[in-house]
Asker: 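This is the structure I want to talk about, given as structure tokens.
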Number of protein chains: 2
Amino acid sequence: MKISLVAGEPSGQVCTDCAIRQFSLCAALDKAELRELEHLGRHIHFASCETVFAQEEMTSSFYNLMEGVMRLYKLLPDGRRQIVGFSLPGDFLGLAASARHSLSADAIGAVTVCRFSKVPFARFIEDKPHLLRRINELAVRELSQAQDHMVLLGRRSAEEKVATFLIGWRDRLVQLNGPSTTVALPMSRQDIADFLGLTIETVSRTFTKLERDRVIGIMPGSVSLLDPARAEAMAAA
Amino acid sequence: MKISLVAGEPSGQVCTDCAIRQFSLCAALDKAELRELEHLGRHIHFASCETVFAQEEMTSSFYNLMEGVMRLYKLLPDGRRQIVGFSLPGDFLGLAASARHSLSADAIGAVTVCRFSKVPFARFIEDKPHLLRRINELAVRELSQAQDHMVLLGRRSAEEKVATFLIGWRDRLVQLNGPSTTVALPMSRQDIADFLGLTIETVSRTFTKLERDRVIGIMPGSVSLLDPARAEAMAAA
DNA sequence: CGTAAAATTGACCATTTTCAACCTCGGTGG
DNA sequence: CCACCGAGGTTGAAAATGGTCAATTTTACG
């Protein structure tokens with residue numbers, strides 16, 4: 001996948017005005033720290049399907065997702081893909097256990113990130129216990145989500161997987177944008193399949209079945225949850 | 001120094017003599033801090049199948065696993081179980097995103113843990129950036145393992161799952177005890193099945209097939225890796 | 001509009017599950 | 001000492017869920 005040639009401009013907006021600050025890492029920072037951080041971050045835009053970082057690449061930066069949606073995935077040598085998560089504004093990306101990324105991240109639709117070079121950012125956080133605790137909090141929350149997803153992948157039927165995905169995705173969108181009857185699905189059916197450990201055909205069939213059962217209405221780029229209670233029941237079961 | 005998979009007598013409560021310190025959280029601490037920590041931790045023994053903490057229970061402690069093996073799992077309301085990981089000596093348990101545990105942990109065989117009450121431990125770490133960074137490191141490593149396991153659960157065949165499990169488990173044991181031709185499997189077939197998202201029958205059949213193919217030798221409580229290269233190839237593929 | 005990509009649908013197939021029977025081994029009590 | 005018991009494990013046959021392959025429809029976009 002191509003890498004954007006567009007250079008990052010200085011962040012243009014000040015951190016104190018940042019729309020997603022409350023959802024992000026930066027919620028833990030005071031005014032002075034935010035002013036310091038402004039000098040470290042650069043806003044960068046990525047077009048649809050551009051790769052922000054890739055599996056095996058050296059880690060050089062951390063990213064705060066500002067706008068858009070990203071997919072995080074791992075590839076097996078033979079090309080099989082598992083999407084381990086979708087990122088929304090406020091999510092912090094780039095933490096890795098080693099010096100190389102263990103997964104790839106690319107844009108689903110246009111994306112803006114706030115990029116921090118690794119070394120300066122590491123220096124910035126190293127003696128800020130409140131920020132370290134905040135990063136911990138985010139890491140532990142992600143770990144918990146990962147464990148929930150393992151249950152889904154290992155122990156749920158196709159229908160349960162799709163219902164659980166729709167409910168979980170709706171909840172995340174509600175968190176950001178407030179309640180809504182329709183659930184935007186910017187990712188492709190293939191993305192959903194690779195997230196749920198299914199094939200695209202099974203995802204499609206399951207959507208169709210849920211529509212026949214009047215649980216959802218299918219529209220291009222979104223679904224409407226006609227019977228949220230039924231969907232939630234399938235997701236809980 | 002050999003790390004036992006079965007609990008024996010604690011070698012004393014002195015952190016500086018702790019056999020698993022190098023593998024644990026405590027590797028980040030200096031002598032003074034270790035002496036302080038000694039007053040916070042208590043060794044506790046659990047018999048086989050006893051629960052150390054359970055899903056939905058209030059979090060009250062953190063645990064450093066000293067001896068033995070534990071399974072970490074989540075249950076669906078209808079009883080389906082997904083084991084999200086096995087813990088070995090040195091692993092740190094009890095981090096949770098909320099005030100309640102999101103998973104259950106119980107002993108496979110006899111276990112010794114070093115228990116830290118939540119509040120004093122939180123106070124101990126709160127202004128120790130090096131320790132916070134160490135906890136981060138452990139959390140990120142666990143997250144990375146979780147992501148690897150998602151790939152396994154979502155995208156691998158039964159045979160690949162079993163081979164990947166055996167190789168991964170062997171590598172963890174080698175890390176602790178040094179090289180060995182036989183791989184101890186203290187967990188039951190049902191545990192392995194619930195870890196790999198399979199049924200016990202499929203696990204059993206796959207073991208048998210690997211034995212027929214002269215990749216492994218099956219013994220009660222362990223397997224020997226007759227053809228590690230073949231097994232590794234299956235795990236990588 | 002017209003074309004290519006994405007999504008859906010259908011028919012068939014394979015892997016894994018389900019259900020059931022049967023070993024194996026260790027412990028227990030006659 | 002040995003027969004019995006039960007838990008854990010293995011094996012077999014049938015069923016089913018989801019996958020594969022192929023054709024068709026729908027959508028996005030120049």
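Below, chain A is the first sequence line, B the second, and so on; all start at residue 1.
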Asker: For the SG atom of A:C114 and the CZ atom of A:R21, what is their distance to the nearest 0.5 Å?
Answerer: 12.5 Å
Asker: Base, sugar-phosphate alone, or nothing: which one does A:G221 contact when heavy atoms must sit under 4.0 Å apart?
Answerer: nothing
Asker: As a test of reading the structure: which of C:dT9, C:dA7, C:dC19 is closest to the side chain of A:R189, going by heavy atoms?
Answerer: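 Shortest atom-to-atom distance from the side chain points to C:dA7.
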Asker: Once you round it to whole Å, what is the distance between C1' of C:dA7 and CE of A:M219?
Answerer: 16 Å
Asker: Nearest-Å distance, CZ (B:R156) to P (C:dT16)?
Answerer: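 To the nearest whole Å, that distance equals 13 Å.
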Asker: What residues, two or more places apart in sequence or in another chain, satisfy salt bridge (charged side-chain N to carboxylate O under 4.0 Å, His left out) together with B:E201?
Answerer: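 Per chain and number, B:E201 pairs via salt bridge (charged side-chain N to carboxylate O under 4.0 Å, His left out) with no residue.
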Asker: What's B:T202 touching, base or sugar-phosphate or nothing? Going by heavy atoms closer than 4.0 Å.
Answerer: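 The answer is base, as B:T202 lies within the cut-off (heavy atoms under 4.0 Å) of a base atom.
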Asker: Between which nucleotides of DNA chain D, 5' to 3', does chain A make heavy-atom contacts below 4.0 Å?
Answerer: D:dG18 to D:dA28
Asker: So which one's nearest nucleotide on DNA chain C is more toward 5', A:M187 or A:R155?
Answerer: A:M187
Asker: CG of A:L75 to CD of A:Q55: how many Å apart, nearest 0.5 Å?
Answerer: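 Here the interatomic distance stands at 5.5 Å.
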Asker: I'd like to know whether B:V203 forms a side chain to side chain contact (heavy atoms under 4.5 Å, CB included) with B:K161, so could you lay out the CA-CA distance, the side-chain angles of the two residues, the decisive distance to 0.1 Å, and finally the verdict.
Answerer: CA-CA 9 Å; B:V203 170; B:K161 284 178 177 183; over 6 Å; no
Asker: For A:Q175, is the CD atom crowded, meaning more than 12 foreign heavy atoms sit under 6.0 Å from it?
Answerer: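 At most 12 heavy atoms, drawn from other residues, nucleotides or ligands, come within 6.0 Å of this atom.
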Asker: In terms of side-chain heavy atoms of B:A158, which of C:dT8, C:dT16, C:dT18 is nearest?
Answerer: C:dT16
Asker: Thinking salt bridges, do B:R189 and B:D194 make one under a 4.0 Å N-O criterion?
Answerer: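 The answer is no: the pair does not qualify as a salt bridge.
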Asker: Is any side-chain N of the basic residue among A:K74 and B:D148 closer than 4.0 Å to the acidic one's carboxylate O?
Answerer: yes
Asker: Can you tell me how far P of C:dC19 sits from CD1 of B:I200, to the nearest Å?
Answerer: 15 Å
Asker: For B:Y73 and B:D191, test the side chains for any donor-to-acceptor distance below 3.5 angstrom and give the result as yes or no.
Answerer: no
Asker: Between P on C:dT16 and CG on A:L198, what's the gap in Å once rounded to a whole number?
Answerer: 14 Å
Asker: Separation of B:I218 atom CD1 from C:dT24 atom P, in whole Å?
Answerer: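 Answer to the nearest Å: 14 Å.
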Asker: Report the relative orientation of the aromatic rings in B:F195 and B:F165; use parallel for angles under 30°, tilted for 30 to 60°, perpendicular for over 60°.
Answerer: perpendicular
Asker: Among residues 204-212 of chain A, which contact DNA chain C at a heavy-atom distance under 4.0 Å?
Answerer: A:S204, A:R205, A:T208
Asker: Over how many whole Å does the gap from B:E201 atom CD to C:dA20 atom P extend?
Answerer: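 From B:E201 CD to C:dA20 P: 12 Å.
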